[in-house]
Amino acid sequence: MSPITPPRGTRDLLPDEAPAWRWVHELHAAAAARHGYRYIDTPIFEQTDLFSRGIGGGTDIVEKEMYTFTDRGGRSMTLRPEGTAPVLRAVLGAHLEQLLRPVRVHYAMPMFRYDRPQAGRYRQFAQLGVECIGERDASYDAEVIEVAWRFMADLHIDGVEVQVNSLGDRDDRLRYREALVAYYTPLRDSLCEDCRRRLDINPLRLLDCKRDAQYVAAAPLLGDHLGEASRDYFAAVVTQLESAAIPHVHNQRLVRGLDYYAHTAFEFWHTSLAGAQNALGGGGRYDGLAEELGFSPTPGVGYALGVERLLRIAADQQAAPGPHASAQVVVCTASAAAVSQGQQLARELRNRALVVADVSGRGLDKKLREAGRLGARLALLVGLEEGLILRDLQTREQHVITDDTALDAVSEALLRAAREPAA
């Protein structure tokens with residue numbers, strides 16, 4: 001019988017990778033909290049309508065990528081493919097916007113999309129994000145961009161670029177849609193199958209297609225179809241970004257893959273990744289989403305960042321922490337008769353250090369090699385004729401101690417090791 005393997009497009013988080021994973025999550029939570037954002041979480045699955053109405057029926061996510069199933073009650077449910085619609089549902093469903101505006105929340109969630117697995121992209125993937133709900137003002141658009149920008153600065157990764165654009169309001173996009181349809185219709189027979197479908201359903205998605213990218217350069221620009229109010233709003237966002245000293249590029253070809261975006265759209269690109277299709281993340285304003293979900297009109301703006309891609313860049317730049325030692329001290333028993341004493345010493349030492357007790361029947365040589373693999377600095381040998389022996393696994397120095405002095409001796413040895421200059 002062959003062993004069971006993880007589903008394609010998923011991966012296990014192993015112990016050596018966990019410190020970097022926690023590092024990214026903790027830094028994002030800290031950056032968001034400094035700006036007044038509080039933590040929120042939502043169910044891992046939702047009613048399918050939340051995403052089909054919120055994201056948009058003409059998007060690839062809804063049409064091709066969602067994990068949808070029928071529950072025992074005959075209801076259609078979907079594993080969460082993105083975070084904004086569920087968070088907005090949770091905030092408005094609890095009427096938080098009636099108590100405080102804007103409602104500032106941040107999240108860290110697994111998402112699920114049936115996509116083609118590739119470097120940094122999985123079918124189960126993690127996102128970090130913030131949502132600022134309840135107010136429409138350029139300062140909030142700039143604020144959420146600043147949260148992500150400061151977070152990436154905390155990661156100490158270089159080469160991040162902020163790409164910004166305006167998608168305008170509904171009327172602006174209708175005018176732009178007409179211009180795109182007029183441009184692409186004569187090219188229909190040359191387009192890929194997906195783009196022929198997008199031409200009828202969601203023309204803005206034509207600008208994202210890699211297979212038909214050769215037609216994008218000559219396509220109409222959205223900025224040429226913005227009304228005065230939309231241009232003024234975007235100019236205010238840019239002014240705010242400049243005031244925050246956040247460098248940015250106005251990318252007039254930037255569109256977002258979800259139907260609910262309007263006005264400000266932005267993405268975070270890295271110089272080592274291949275453009276918008278491989279962005280670290282992005283977001284924008286979604287003032288019409290609440291109405292699509294059946295709530296009163298409520299503006300909002302937010303972003304989502306891909307954890308796996310952030311970790312990939314951080315690892316390439318040696319910014320992420322490596323594996324942590326599993327123990328500082330390993331208590332190694334030399335015989336079965338010493339097991340009880342060794343376990344008790346380990347219990348007492350755990351008030352002062354990270355301690356693993358190795359009371360197995362293996363020989364001391366094997367136990368000491370295992371202690372080194374755990375990253376321990378000290379080994380406390382129990383059950384030898386000469387008494388307790390404290391061994392430094394790096395210097396190989398050792399000396400005999402007593403039960404009464406064991407705790408202090410271990411503490412002092414760890415302090416001396418901590419004061420040693422870094423190698």
Side-chain angles (χ1 to χ4, degrees), residues 11-30 33 108 126 154-156 307-308 310-311 314-423:
R11 60 188 295 275
D12 299 308
L13 178 65
L14 301 176
D16 280 355
E17 302 170 286
W21 184 272
R22 292 182 61 182
W23 168 73
V24 165
H25 282 74
E26 289 168 1
L27 284 180
H28 184 262
D154 292 341
L155 294 178
H156 299 291
V307 172
E308 289 82 1
L310 287 168
L311 284 172
D316 289 345
Q317 298 189 5
Q318 299 182 328
H324 289 177
S326 300
Q328 295 171 290
V329 183
V330 176
V331 176
C332 302
T333 53
S335 65
V339 167
S340 179
Q341 181 187 7
Q343 289 175 327
Q344 183 58 33
L345 283 168
R347 292 187 190 101
E348 295 172 359
L349 284 168
R350 288 189 182 112
N351 293 323
R352 307 192 182 194
L354 303 178
V355 180
V356 168
D358 189 341
V359 296
S360 67
R362 295 178 297 179
L364 274 180
D365 286 346
K366 289 185 177 179
K367 291 183 178 184
L368 289 171
R369 285 196 294 272
E370 181 71 14
R373 285 192 285 268
L374 290 173
R377 179 61 186 262
L378 303 176
L380 183 60
L381 311 184
V382 184
L384 298 173
E385 288 185 5
E386 51 265 62
L388 294 178
I389 292 180
L390 184 61
R391 176 179 294 186
D392 188 310
L393 296 174
Q394 284 191 17
T395 67
R396 297 185 181 276
E397 295 177 358
Q398 64 182 43
H399 55 278
V400 178
I401 60 176
T402 66
D403 284 4
D404 294 339
T405 63
L407 298 183
D408 290 339
V410 169
S411 297
E412 290 169 6
L414 290 174
L415 284 174
R416 286 196 301 272
R419 289 195 294 266
E420 292 177 359

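Just so you know, residue 1 is the first one in the sequence shown, and it goes up from there. Computed over heavy atoms, backbone and side chain alike; hydrogens, waters and symmetry mates excluded.
Atom-to-atom distance recorded for R347:CZ and R350:CZ is 7.5 Å, nearest 0.5 angstrom. Rounding to the nearest 0.5 Å places CG of L349 at 10.0 Å from CD of Q344. The distance from atom CG of D154 to atom CG of L27, rounded to the nearest 0.5 Å, is 6.0 Å. Atom-to-atom distance recorded for L378:CG and L414:CG is 4.5 Å, nearest 0.5 angstrom. With rounding to the nearest 0.5 Å, the separation of CZ in R373 from CG in L393 is 12.0 Å. Rounded to the nearest 0.5 angstrom, I401 CD1 and L380 CG are separated by 5.0 Å.
A salt bridge does not link K367 with E370: every distance from a Lys NZ or Arg NE/NH1/NH2 to an Asp or Glu carboxylate oxygen is 4.0 Å or more.
When all heavy atoms of A413 and L390 are compared, the pair lying nearest together is CB-CD2, 4.1 Å. Nearest heavy-atom pair across A314 and W23 is CB-CZ3, 3.8 Å. Heavy-atom minimum distance, A376 versus V330: CB-CG2, 3.8 Å. The heavy-atom pair separating P321 from P19 by the smallest distance is CG-O, 3.8 Å. Listed here is the closest heavy atom pair of A327 and V356: CB-CG2, 3.6 Å. Looking at every heavy atom in both residues, L155 comes nearest to A319 through O-CB, 3.4 Å.
Looking at heavy atoms from C-beta onward, L364 lies in side-chain contact with L384 at the 4.5 angstrom threshold. Considering only heavy atoms from C-beta on, V329 stays 4.5 Å or farther from L354 through its side chain. L381 places a side-chain heavy atom less than 4.5 Å from the side chain of L368. The closest side-chain heavy-atom distance from R11 to E17 is below 4.5 Å.
Side-chain N or O atoms of E397 include none that pairs as donor or acceptor with a backbone N or O of D392 at under 3.5 Å. With hydrogens and angles ignored, the 3.5 Å screen pairs no side-chain donor or acceptor of Q328 with any backbone N or O of R377. Of the possible donor and acceptor atoms, none in the side chain of Q341 sits under 3.5 Å from a partner among the backbone N and O of A338.
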Checklist entry - Step by step, would you call L388 with T402 a side chain to side chain contact (heavy atoms under 4.5 Å, CB included)? => result CA-CA 6 Å; L388 294 178; T402 66; 6.0 Å; no
Checklist entry - Please walk me through it: do L310 and H28 pass side chain to side chain contact (heavy atoms under 4.5 Å, CB included)? => result CA-CA 11 Å; L310 287 168; H28 184 262; over 6 Å; no
Item to check | Check against side chain to side chain contact (heavy atoms under 4.5 Å, CB included), D408 and R352 | outcome: CA-CA 10 Å; D408 290 339; R352 307 192 182 194; 3.0 Å; yes
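The local environment of CD in E386 is crowded, with over 12 non-hydrogen atoms from other residues, nucleotides or ligands closer than 6.0 Å.
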